[in-house]
Student: 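I'd like to ask you about the structure that follows.
Letters go in sequence order (proteins before strands), and every chain restarts at 1.
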Amino acid sequence: MEFIKPRIYSGLRDRLPEQMNYRGLVVSKLQALFERYGFEPLETPAMEFYDILTGKYGEEAENLIYRLDYKDGKTLALRYDLTVPLSRVIAMNSELVRPIFKRYQIQQVWRGERPQRGRYREFTQCDIDAIGSKSMLQDAEIIAAIYEMMISFGFHQFEILINNRKILDGMVKYAEVGDKLKEICRSIDKLEKIGQEKVRQELAKSDISDQAIKKIFSIVEIEGHHEAVLSDLEKAIGGIAQEGVNELREIRSYLSELGIDEGYYRFDPALARGLDYYTGPVFEVVIKDASIGSVVGGGRWDTLIGQYTGKHIPAVGTSFGLERLIDSMEKLNLLPQITTKTQVLVVPFNTELIPQSLRFLAQLRSAGVNSEIYGEPKSFRQTFGYANRKGIPLALVIAPDELSNGQLAIRNMRTREQEVCSIDCFIDNIQAILSKI
RNA sequence: GUGGAUGUAGCUCAGGGGUAGAGCGCCUGACUGUGGAUCAGGUGGUCGUGGGUUCAAAUCCCAUCAUCCACCCCA
């Protein structure tokens, strides 16, 4: 018999039970948070028509789209993100926007990149977006949700970086290199990573004059407290980027009303973001010491929906990278210990006592206590070892001596304390102990 | 897509042309009425896959796949 070697495409992975447990935990927490903010669920198909996705992300990103040519002559593609499919949904169902539509979506996306840790060819995005409002209130709410999510997962060493495409546009106009926006963004985005000298070299390589580089740096290197950054920006390029600065200022005031700790966000004029469809505020979360790239990214995308219908519908949203979130939590030891759902292990002292043990087991289960039986009693070492490894908190020992007195032994696996109680009330006893654990 | 490193037991890794190794885990016993310790014994591997060189390949060569790292980009 000829075997086919079991294998899996590079960058894809199976999600085994342990992993699924963590994912389930994180996803349900995210879902609850999204719903607390008024977002409603949506799913879209994994495949879209190829031309629905093209012309939205930018040339480089577009090269990473998995394209599928099917025999019926249709050209399809695996979705690259959840934002573009959403914009297609809105273009087809504009009645959803009355006057705003807030949706969340947790689904896989595919990108043909070379995989690394925290970078997969299939990964899960958890998106929230608010459609139909150009108010900065929506942007602030998105940032607030990001903040709350990071805190509630136990992250402390993180920063939400915020900038505005309108400020970048202004900067480019100011430096008088209007046609080089993308090259400039790509270089300055790396400022923190590779340092200013290398960024200078890169810019020079892109045929940007020394004078222009100087101007760019005078903007990009602005730093300090929130209001100081904004007023410095205003002084430098207020004339051409006033709107961008005003928007950030408005966001800041909303964030403070929403009670967001201002130590966790920062206005960073060097933040660029790669995707073409952003038009206004952009944001990104970087976890310090996790070295895993950005975990959350987003921004305002006011013109995307209009590309399908010509109807201008503004929108803003963000995307959480589920795998990166979990990888970072694992690295920083923030994942909760996932223990078994079993509450009681029924332990027959010997095989003769199995029938009787089964009756106790059935009683436990009908009382709503999650219970299992260790079926082949050999040694207590083995039996208790099993309970211990699995994290089962209680053992109900059915043994001859106690039984002859009409009693059962309940052992607390953590404290190693064991008590006997009468058969009539062992369920009450167990439930009492469980409620205290 | 470009460059580099790695692939040996369930896990972490050593070995470097001539019988496949350690630690941890797991199983068993000391301990037939009580688990995380200790001690003793045991289980476990086509050395990623395919081909080549050789009397002989886990070892050398080529290819391939996978993982990691940097670039690129991003979640």
Student: Any side-chain N or O of Lys190(A) less than 4.0 Å from the OP1 or OP2 oxygen of C72(B)?
Tutor: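 Lys190(A) to C72(B) OP1/OP2: side-chain N or O found under 4.0 Å.
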
Student: Pull out every residue in residues 102-113 of chain A that has a heavy atom closer than 4.0 Å to any atom of RNA chain B, ordered by number, or say none.
Tutor: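 Output list: Arg111(A), Glu113(A).
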
Student: Sticking with atom C1', work out how far G4(B) lies from U8(B), rounded to a whole angstrom.
Tutor: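 The answer is 22 Å between these two C1' atoms.
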
Student: Would you write out the dot-bracket form of RNA chain B, 5' to 3', with Watson-Crick and G-U pairs under 3.5 Å, [ ] for crossing pairs, | for pairs to other strands and . for unpaired bases?
Tutor: ((((((((.[[[[.)..(..]]]].(((((.......))))).....[[[[[..)....]]]]])))))))....

Student: Using a strict threshold of under 4.0 Å (side-chain N to carboxylate O), is an ion pair present between Arg117(A) and Asp327(A)?
Tutor: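 Answer for the salt bridge query: no.
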
Student: G25(B) and A37(B): how far apart are their P atoms, nearest whole angstrom?
Tutor: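 After rounding to an integer number of Å, I get 7 Å for this pair.
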
Student: Whether Thr124(A) contacts A75(B) is assessed here as follows: a side-chain N or O lying under 4.0 Å from the phosphate OP1 or OP2. Is that the case?
Tutor: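 The answer is no; no side-chain N or O of Thr124(A) sits under 4.0 Å from OP1 or OP2.
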
Student: In chain order, what residues pass the salt bridge (Lys or Arg N to Asp or Glu O under 4.0 Å) check against Lys390(A), with sequence neighbours excluded?
Tutor: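 So Lys390(A) forms a salt bridge (Lys or Arg N to Asp or Glu O under 4.0 Å) with Glu372(A).
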
Student: Between Ser371(A) and Val369(A), is there a donor-acceptor pair closer than 3.5 Å when you use the side chain of the first and the backbone of the second?
Tutor: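 Between the backbone of Val369(A) and the side chain of Ser371(A) there is a qualifying donor-acceptor contact (under 3.5 Å).
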
Student: Just to be sure I understand the rule, does Val347(A) reach a base, reach only the sugar-phosphate, or reach nothing, if contact means heavy atoms closer than 4.0 Å?
Tutor: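 If one applies the 4.0 Å heavy-atom cut-off, Val347(A) turns out to touch nothing in the nucleic acid.
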
Student: Quick one: does NZ or CZ of Arg165(A) land under 6.0 Å from the six-membered ring centre of Tyr278(A), within 45 degrees of the ring axis?
Tutor: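 Negative - Arg165(A) is either too far from the ring of Tyr278(A) or too far off its axis.
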
Student: Over how many whole Å does the gap from Ile8(A) atom CD1 to A66(B) atom P extend?
Tutor: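 Value for this atom pair: 10 Å.
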
Student: Any ring-ring contact (aromatic ring centres under 6.0 Å, His included) pairs touching residues 112-154 of chain A, not counting sequence neighbours?
Tutor: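 Those involving residues 112-154 of chain A are Tyr147(A)-Tyr264(A).
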
Student: Give me the residues of residues 144-156 of chain A where at least one heavy atom lies under 4.0 Å from an atom of RNA chain B, by number, or none.
Tutor: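 Here the set is empty: none.
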
Student: Taking the side chain of Ser10(A) as heavy atoms from C-beta outward, which of A75(B), C71(B), A66(B) is closest to it?
Tutor: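 Closest nucleotide to the Ser10(A) side chain: A66(B).
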
Student: From the set G33(B), C72(B), A75(B), return the single nucleotide nearest to any side-chain atom of Tyr120(A).
Tutor: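 Out of G33(B), C72(B), A75(B), the nucleotide with an atom closest to Tyr120(A)'s side chain is A75(B).
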
Student: Are the charged groups of Glu183(A) and Lys205(A) less than 4.0 angstrom apart, N to O?
Tutor: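 Answer for the salt bridge query: no.
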
Student: Could you tell me whether Phe320(A) contacts a base, only the sugar-phosphate backbone, or nothing, with contacts defined as non-hydrogen atoms closer than 4.0 Å?
Tutor: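 Result for Phe320(A) = nothing.
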
Student: A75(B) base stacked by Phe123(A)? Criteria: ring centres under 5.5 Å, plane angle under 30°.
Tutor: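 Stacked: centres under 5.5 Å apart, planes under 30°.
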
Student: Do the charged groups of Glu202(A) and Lys190(A) touch, with an N to O distance under 4.0 Å?
Tutor: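 Yes.
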
Student: Distances for protein N/O vs nucleotides 3-9 of chain B N/O pairs under 3.5 angstrom?
Tutor:
| from | atom 1 | to | atom 2 | distance (Å) |
| --- | --- | --- | --- | --- |
| G3(B) | O6 | Arg114(A) | NH2 | 3.3 |

Student: Would you say Arg117(A) reaches C69(B)'s phosphate, i.e. side-chain N/O to OP1/OP2 under 4.0 Å?
Tutor: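 For C69(B), OP1/OP2 do have a side-chain N/O of Arg117(A) under 4.0 Å.
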
Student: Leu325(A) near the nucleic acid: base, sugar-phosphate alone, or nothing, with a heavy-atom cut-off under 4.0 Å?
Tutor: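 Contact class for Leu325(A): none.
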
Student: Run the side chain to side chain donor-acceptor pair (under 3.5 Å) test against Thr124(A) and tell me which residues pass, sequence neighbours left out.
Tutor: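 If we apply the side chain to side chain donor-acceptor pair (under 3.5 Å) test to Thr124(A), skipping adjacent residues, the hits are Arg23(A), Glu323(A).
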
Student: Which residue pairs pass the salt bridge (charged side-chain N to carboxylate O under 4.0 Å, His left out) test with at least one member in residues 415-426 of chain A, sequence neighbours excluded?
Tutor: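 Qualifying pairs: none.
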
Student: Checking side-chain contact (heavy atoms from CB on, under 4.5 Å) for the pair Tyr254(A)/Ile143(A): CA distance, chi angles, key distance, verdict?
Tutor: CA-CA 10 Å; Tyr254(A) 293 138; Ile143(A) 294 169; over 6 Å; no

Student: Kindly state which residues belonging to residues 49-60 of chain A come within less than 4.0 angstrom of RNA chain B, counting heavy atoms of the residue only, listed by number.
Tutor: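 Here the set is Glu60(A).
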
Student: Who are the salt bridge (Lys or Arg N to Asp or Glu O under 4.0 Å) partners of Asp129(A), not counting sequence neighbours?
Tutor: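 Listed in chain order: Arg103(A).
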
Student: Using the P atom as the point on both nucleotides, what is the distance between U59(B) and G15(B), in whole Å?
Tutor: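 Straight-line distance between the two P atoms is 15 Å.
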
Student: Say you pick atom P in A14(B) and the same atom in G33(B); how far apart are they, in whole Å?
Tutor: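 Their P atoms lie roughly 47 Å apart.
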
Student: Any side-chain N or O of Gln382(A) under 4.0 Å from OP1/OP2 of C26(B)?
Tutor: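 For C26(B), OP1/OP2 do not have a side-chain N/O of Gln382(A) under 4.0 Å.
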
Student: Return the residues of residues 388-419 of chain A meeting this criterion: a heavy atom under 4.0 Å from some atom of RNA chain B. Order them by number, or give none.
Tutor: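 The stretch gives Asn388(A), Arg389(A), Ala399(A), Pro400(A), Asp401(A), Glu402(A), Arg411(A), Asn412(A), Met413(A), Arg414(A), Arg416(A), Gln418(A) as the residues lying under 4.0 Å from the strand, ordered by number.
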
Student: Among pairs that include at least one residue of residues 5-34 of chain A, which meet ring-ring contact (aromatic ring centres under 6.0 Å, His included), considering only residues two or more places apart or in two chains?
Tutor: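 Counting only pairs at least two positions apart or across chains, the ring-ring contact (aromatic ring centres under 6.0 Å, His included) contacts touching residues 5-34 of chain A are Phe34(A)-Tyr104(A), Phe34(A)-Phe320(A).
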
